[in-house]
Each structure stands twice: as structure tokens, then as C-alpha cells.
Amino acid sequence: MSAREKASPDVSFDPEAEIDPGRALVPAVMRLNEQRVDRGFWPKIRRVAAKIPFAKEALSVWYCAKDDETPIAAKGMMFAALAYFVLPVDAIPDFIAGLGYTDDAAVFTALMAIVGRNLKPKHKLAARRDIERLRGE
């Protein structure tokens with residue numbers, strides 16, 4: 001069966017491809033984003049927690065996305081933002097000093113405006129605890 005014959009021809013994925021924000025809530029895309037985040041979030045946040053000012057927000061979003069009480073639509077958007085943060089391919093490569101994480105920060109800022117009300121005090125508290133541990137505060 002060819003892609004044109006499939007009932008949903010646009011539901012095939014390349015794990016290395018950029019994330020299309022318009023598809024963030026497609027169940028298969030959500031699963032893929034969650035897998036990307038599960039594999040890459042903690043290794044990356046450990047490496048960069050001391051370097052990026054939005055690390056606490058990223059951790060809060062991670063805790064909220066993993067919470068069973070978070071609505072599925074919010075989770076989809078959160079996993080898309082977290083996957084963007086984790087993937088090495090993005091608008092401004094992370095290794096560019098001074099600029100590398102500005103696009104990631106913009107994604108988290110937009111995300112907070114859209115689904116930030118889903119972040120509970122318990123998510124923020126867990127993030128603050130972890131960021132202090134990761135930064136050695």
C-alpha cells in the first residue's frame with residue numbers, strides 16, 4: 001500500500017525530522033514527541049541547567065506533561081515544546097553562544113501563554129527543587 005492509498009497518508013514520521021506544530025495533537029505525533037522527550041530531556045537538562053534562564057520552566061513543563069491530571073491537549077503542546085528543546089535540529093542551533101537557546105526560550109514563552117494555567121504548584125515546586133540540585137544551589 002502506498003502513502004497515497006493510506007487512510008491518513010500524513011501520519012508517517014521521520015524521528016529526525018523537524019516537528020510540525022500543526023500536528024502536535026495527532027496521537028501518533030504525541031507518542032513520538034513523548035518518546036523523544038523520554039530519551040533526551042534529562043540528559044540535556046543536566047547539561048544545560050546552569051546555562052539557560054528558562055530551565056526551571058522547562059522542568060515545570062516536564063512535570064506537568066508527565067502528570068496524569070493534565071489535559072491531553074495541553075500534554076500534546078507540552079511534549080511538542082519539550083521535543084523541540086531536546087532535538088538537535090532547530091531554528092537556531094544550540095551551540096551558537098549567546099543565541100543558541102533563544103528560539104527554545106521563545107517556544108517555552110509561547111507555550112506558557114497557551115497552556116501555562118495547567119502548571120500546578122506541585123510542578124513548580126518539583127522543578128525548583130531539581131533546578132537547585134542541578135545548579136548546586
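We're numbering straight along the sequence, starting at 1.
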Output a table of donor-acceptor pairs, distance under 3.5 Å, between side-chain atoms of residues 67-79 and any protein atom two or more places apart or on a different chain; print 'none' if there are none.
unit_1 : atom_1 : unit_2 : atom_2 : d
Asp67  : OD1    : Glu69  : N      : 2.9
Asp67  : OD2    : Lys122 : NZ     : 3.1
Asp67  : OD2    : His123 : NE2    : 2.8
Thr70  : OG1    : Cys64  : O      : 2.6
Lys75  : NZ     : Ala65  : O      : 3.3
Lys75  : NZ     : Asp67  : O      : 3.0

Let me see the working for Phe85 and Val61 under side-chain contact (heavy atoms from CB on, under 4.5 Å), right down to the final yes or no.
-> CA-CA 12 Å; Phe85 171 68; Val61 168; over 6 Å; no
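Distance check, rounded to the nearest 0.5 Å: CZ of Arg36 to CG of Leu87 gives 5.0 Å. Atom CG of Leu125 and atom CG of Asp130 lie 9.5 Å apart (nearest 0.5 Å). Asp104 CG to Ile52 CD1: the interatomic distance, rounded to the nearest 0.5 Å, is 7.5 Å. In this structure, the separation between CE on Met30 and CD on Glu34 is 7.5 Å, given to the nearest 0.5 Å.
Using a 4.5 Å cut-off on side-chain heavy atoms (C-beta onward), Leu82 and Asn33 make no contact. With contacts defined as side-chain heavy-atom distances shorter than 4.5 Å, the pair Leu59/Trp42 qualifies. Side chains of Phe54 and Thr109 form no contact here, defined as non-hydrogen atoms less than 4.5 Å apart. Residues Gln35 and Leu32 form a side-chain contact, since some pair of their non-hydrogen atoms from C-beta on lies under 4.5 Å apart.
Residues passing the side chain to side chain contact (heavy atoms under 4.5 Å, CB included) test with Val107, sequence neighbours excluded: Ala81, Tyr84. Asn118 meets the side-chain hydrogen bond (donor to acceptor under 3.5 Å, both in side chains) test with no other residue; sequence neighbours excluded. The side-chain hydrogen bond (donor to acceptor under 3.5 Å, both in side chains) test applied to Lys120 returns no partner, not counting sequence neighbours. A search for ring-ring contact (aromatic ring centres under 6.0 Å, His included) contacts involving Tyr63 returns nothing, not counting sequence neighbours. Looking at residues two or more places apart in sequence or on another chain, you find a side-chain hydrogen bond (donor to acceptor under 3.5 Å, both in side chains) between Lys66 and Asp38.
Smallest separation of non-hydrogen atoms from Ala55 and Ala49: CB-O, 3.8 Å.
The salt bridge (Lys or Arg N to Asp or Glu O under 4.0 Å) analysis of residues 49-62, with sequence neighbours excluded, yields no pairs.
Side chain of Lys124 to backbone of Ser60: no donor-acceptor contact under 3.5 angstrom is found.
Ring geometry for Trp62 versus Phe41: interplanar angle under 30°, hence parallel rather than tilted (30 to 60°).
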